Engineer: 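Below is one structure. I have some questions about it.
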There are 2 protein chains.
Amino acid sequence: MFDILLPEQSEFPLYQQLYLQLRDGIRNGEIPDGQRLPSVRSLQLQLNISKTPIETAYQMLTAEGYVISKPRSGLYVMNPCKEFTYSQQHQQPPSMNTMSVIRSHANTNPNVIDFNPTRLDQAAFPVRIWNKMLKEALDHHLCEIGMYGDPQGEYALRRVVSEYLRNSRGVNSTPDQIVIGAGTAYSIGLLSRMLKGMKHVAVEEPGYSLVRDQFQLNGFEILPISLGDKGISLDRLEQSHAELVYVTPSHQFPTGGIMPYPERERLLEWANAKNAYIIEDDYDGEFRYHGKPIASLQGLDDNGRVIYAGTFSKVLTPALRMNYLVLPQALQHQLTQMRQEVFFAPSRVEQWAMTAFFEQGHWFRHIRKVRNLYKKRHHRLIELIETHLAKFVEITGQNAGLHLQLLVKKEATSEELIQEAAKAGVIVYDLRKTWINQRQDAGQYPKVYLGFASLNASEMETGIRLLQKAWNMN
Amino acid sequence: MFDILLPEQSEFPLYQQLYLQLRDGIRNGEIPDGQRLPSVRSLQLQLNISKTPIETAYQMLTAEGYVISKPRSGLYVMNPCKEFTYSQQHQQPPSMNTMSVIRSHANTNPNVIDFNPTRLDQAAFPVRIWNKMLKEALDHHLCEIGMYGDPQGEYALRRVVSEYLRNSRGVNSTPDQIVIGAGTAYSIGLLSRMLKGMKHVAVEEPGYSLVRDQFQLNGFEILPISLGDKGISLDRLEQSHAELVYVTPSHQFPTGGIMPYPERERLLEWANAKNAYIIEDDYDGEFRYHGKPIASLQGLDDNGRVIYAGTFSKVLTPALRMNYLVLPQALQHQLTQMRQEVFFAPSRVEQWAMTAFFEQGHWFRHIRKVRNLYKKRHHRLIELIETHLAKFVEITGQNAGLHLQLLVKKEATSEELIQEAAKAGVIVYDLRKTWINQRQDAGQYPKVYLGFASLNASEMETGIRLLQKAWNMN
């Protein structure tokens, strides 16, 4: 079964040859999924080598997620890239520490249905086109490959982003106001430096912990402001001493609410009166499944109080570390005064590729495709929940984005619900990191979150049926 | 000459069609380098459209460096990607504001010879292979494209980097001690957060301003320590109250000195006695042209005091934003305690491509190739300087890296020397940002810096001969 050939002479160390052969065998399917690897001892005998290179190769395969270790049993192949279908026969979930598997980045256990709110559909990624864009990027810009680029981001990319935002989100800007960032943590870090005079930032509670943490790391005091059904409580905001507020008005993260027009106007008036800034994070603004698109807050702002943030991660792939900010003109002037070494755009090659992706119309086609795909999945998930979980749950945060919020009408904590689900082979989320202050469930029904972008209809159905059983909702 | 066809019907705005046609014509050579573009008025008449789309298209071409504006003359094509040869006939330098052109990122003026210390040779970039690595990266990892990766960097890349550093630089580490970063600014920012208890960082004076600025931004007090001929003054360091020191011992930036072995031992003893940390930045450690390679400081450290930093920028391309840190185990433990949102690795696709680039042996072949290329250019430049500038200059900082330091024995400031050179069409650098305190030239002969990686022998010769004239060194 294991035809491993180690040539007599090789420039590569034994463990590396072994690792590469096994890994390639797993990738191309020669070593099938679920196959148990030979024990170290038996491979030692078969290959007539010491056990150290074998143990090293096995450790590497485990660390990279190609095999999984079953206690007292051995190493089993688990090709992270094999499409999985859940079979009723394989109902025993792998013995695992639930929380650590849930948080594990590396593995996709084929026996588990994961309603991950941050994962996208793998098959939707336009791999052939993106490949072509990368190749063209290298060909067209080869002479610049020896140089550092514009720390604010390549001009051509800033131009296409500026145009796209104007047309799709009503954001007003020139390319000079755009800053291409190497991810949200980077951009918020940069902003917090630019806004150094300010000390207090109001955030939505619950809200996006990554942004909160970045502000905290950069010396800001965090003022959590509770949410009403129309977004951040403007009464509380007006009573606070915030000089800066971070909001997600198109689709509140994580509850999903959308801030209506009158509240948007009132927020802008607050900012204007206080000379405060508003960071509008439109992280999944392209995904709206019902009704007319709501224009951005930035588009309503006549006084340069709104900093608009967006990303390519939700539409294309989180594997790129690339996002953008639109700065009001006053802050853009400040940026030009800053020493250029303190901020840096991401990979030039990927910026060039993204520019061509826009210019050749691929971005628009891709958005239409994934919006339709996710819209269908969104509707299907709601149907399944209404059918199988019925009066036991209440859905909120729908009609936009890539996840739903479920209010579960049971006497339990969200943690207990998650554990029951995990035992049945279903992963759902409580997003507890989004809360600073209270226990999420204090005095209320528990909330759980289900993403739907990375699951097909059959997987979703299986998952919901399993939840029905696990949560006793028959 | 300008066959611009604007179709009757198009989904694209006029300015964009015009921009794309002109840009493609410049890229493929149909519109030759040096060609003057038609005036807005004449194109208006030719195409029968308003002037606004034409002006917009022209502005875009200018901002992206495809054309350059000559005052009272018009727009001239200047394909940034055309190889340039300097002809003695075209001796008038373009009328330009010297300092702003020198600092300009966008344009490569074909009539100027630029001894840029941070540029690499464009033709050396292995474009076909890198393309292949990107394609394979996407093919092999497609199933992960919908997910965020390991914030510390992809395990497989950390593994190949760990092995490479052990074999090439004597750095001891496991993959868990490696942190893949999105550039130096990012990595230093992360380090400054991890070392929050410390307040004072000693830096080489002169030294690398980007790193200094990052520490300052993150609340550290900078203690500049002068250089002796054996690197940072250890006497001064020992008298200071630094808890952290940043050094470039393999090839001091910018002076080029190499820290000898006894000083390395003494530096390690200092750090051990004070429980201080040393950041060893080995930014161009692969480029050593004389004598045996010097092992890293980290390799001599038995007490976990050294944080080793390296980058792919000098060997492969600065267009990637990717570098790495090797943390001592105590700091690596601290990293695992940090919330995962506060640090994030760069593009997964490029990490996967870099891993394959190593695994398939391309990195090693590439290093050998560019090391030989840059070694030849290094030797040639020294020959040319010794021949044509002879007793007027003294070369230091040679035998390693990608630039030389020239002590110019003239009564002038470095700024004056740079301006004289620029008028003659040669760009040299004073790297004044590397100094915090004194005027670089205070009481001494001026120093200028010449990079050589991006120039061929003929360009270097032309450049040195022009310097000879410009600086009256006949």
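Throughout, protein chains are lettered first and strands after them, A, B, ... in sequence-line order, and every chain is numbered starting at 1. Remember, predicted model here, so these are calculated numbers, not experimental data.
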Engineer: Examine whether an atom of B:F364 lies under 4.5 Å from a heavy atom of chain A, and if so say whether it belongs to the side chain, the backbone or both; otherwise answer neither.
Structural biologist: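 No part of B:F364 comes within 4.5 Å of chain A.
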Engineer: Please give me the minimum heavy-atom distance between B:S162 and B:T174, naming the atom from each residue.
Structural biologist: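 Smallest interatomic distance, heavy atoms only, reads OG-C, 3.8 Å.
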Engineer: Relative to chain B, which of A:L320, A:T118, A:I188 shows the most heavy atom pairs under 4.5 Å?
Structural biologist: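 The option with the most such pairs is A:T118.
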Engineer: Using the ring of each side chain (for Trp, its six-membered ring), is B:F253 parallel, tilted or perpendicular to B:Y283, with breaks at 30° and 60°?
Structural biologist: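 B:F253 vs B:Y283 ring planes: perpendicular.
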Engineer: So which residue, A:A345, A:A124, A:G219, ends up with the most heavy-atom pairs under 4.5 Å with chain B?
Structural biologist: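 Result: the option with the highest number of such pairs is A:A345.
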Engineer: Examine distances only and state if a side-chain atom of A:Q122 and a backbone atom of B:L142 form a donor-acceptor pair shorter than 3.5 Å.
Structural biologist: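 No, because the side chain of A:Q122 does not come within donor-acceptor range (under 3.5 Å) of the backbone of B:L142.
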Engineer: With sequence neighbours left out, write down each residue that passes salt bridge (charged side-chain N to carboxylate O under 4.0 Å, His left out) with A:E359, or none if nothing qualifies.
Structural biologist: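 Counting only residues at least two positions away or on another chain, A:E359 forms a salt bridge (charged side-chain N to carboxylate O under 4.0 Å, His left out) with A:R159, B:R23.
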Engineer: When only pairs under 4.5 Å are counted, which of A:V211, A:L316, A:T317 shares the most heavy-atom pairs with chain B?
Structural biologist: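 Going by pairs under 4.5 Å, I would pick A:T317.
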Engineer: Which answer fits A:Y19, side chain, backbone, both or neither, if we ask what part of it has an atom under 4.5 Å from a heavy atom of chain B?
Structural biologist: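 The answer is the side chain of A:Y19.
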Engineer: Contact part of A:Q351 toward chain B, heavy-atom cut-off under 4.5 Å: side chain, backbone, both or neither?
Structural biologist: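 A:Q351 has no heavy atom closer than 4.5 Å to chain B.
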Engineer: Taking the six-membered ring of B:Y186, is the NZ or CZ of B:R321 close enough (under 6.0 Å from the centre) and on axis enough (within 45°)?
Structural biologist: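 No, a cation-pi geometry is absent between B:R321 and B:Y186.
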Engineer: List for me each residue that meets ring pair (Phe, Tyr, Trp, His ring centres under 6.0 Å) alongside A:Y374, sequence neighbours excluded, and say none if there are none.
Structural biologist: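 So A:Y374 forms a ring pair (Phe, Tyr, Trp, His ring centres under 6.0 Å) with A:F287.
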Engineer: Where on B:S454 is there a heavy atom nearer than 4.5 Å to chain A: the side chain, the backbone, both, or neither?
Structural biologist: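 No part of it gets close to chain A.
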Engineer: Closest heavy-atom contact between A:L195 and A:F220?
Structural biologist: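 Closest approach of A:L195 to A:F220, heavy atoms only: O-CZ, 3.6 Å.
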Engineer: Looking at B:G183, B:A156, B:A182, which one has more heavy-atom pairs under 4.5 Å with chain A than the rest?
Structural biologist: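 So the answer, after comparing B:G183, B:A156, B:A182, is B:A156.
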Engineer: Using heavy-atom distances under 4.5 Å, tell me whether A:T184 contacts chain B through its side chain, its backbone, both, or neither.
Structural biologist: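 Looking at A:T184, nothing touches chain B.
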Engineer: Below 4.5 Å from any heavy atom of chain B, which atoms of A:N131 appear? Answer side chain, backbone, both or neither.
Structural biologist: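 Interface part for A:N131: both.
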Engineer: Check each atom of B:L20 against the heavy atoms of chain A and say whether the ones under 4.5 Å are side chain, backbone, both or neither.
Structural biologist: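 Looking at B:L20, just its side chain touches chain A.
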Engineer: When only pairs under 4.5 Å are counted, which of A:E163, A:E154, A:Q16 shares the most heavy-atom pairs with chain B?
Structural biologist: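 Heavy-atom pair counts peak at A:E163.
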Engineer: For the residue pair A:F357 and A:H366, what are the closest heavy atoms and their distance?
Structural biologist: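 So the minimum-distance heavy-atom pair works out to CZ-CB, 4.2 Å.
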Engineer: Relative to chain A, which segment of B:N116 carries a heavy atom at a distance below 4.5 Å: side chain, backbone, both, or neither?
Structural biologist: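 Neither part, no heavy atoms under 4.5 Å.
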Engineer: With no hydrogens and no angle check, is any side-chain donor or acceptor of A:R348 less than 3.5 Å from a backbone partner on A:I145?
Structural biologist: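 Checking the backbone N and O of A:I145 against the side chain of A:R348, no donor-acceptor pair under 3.5 Å is found.
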Engineer: Checking heavy atoms, do the side chain of B:K314, its backbone, both or neither come under 4.5 Å from chain A?
Structural biologist: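 The side chain, not the backbone.
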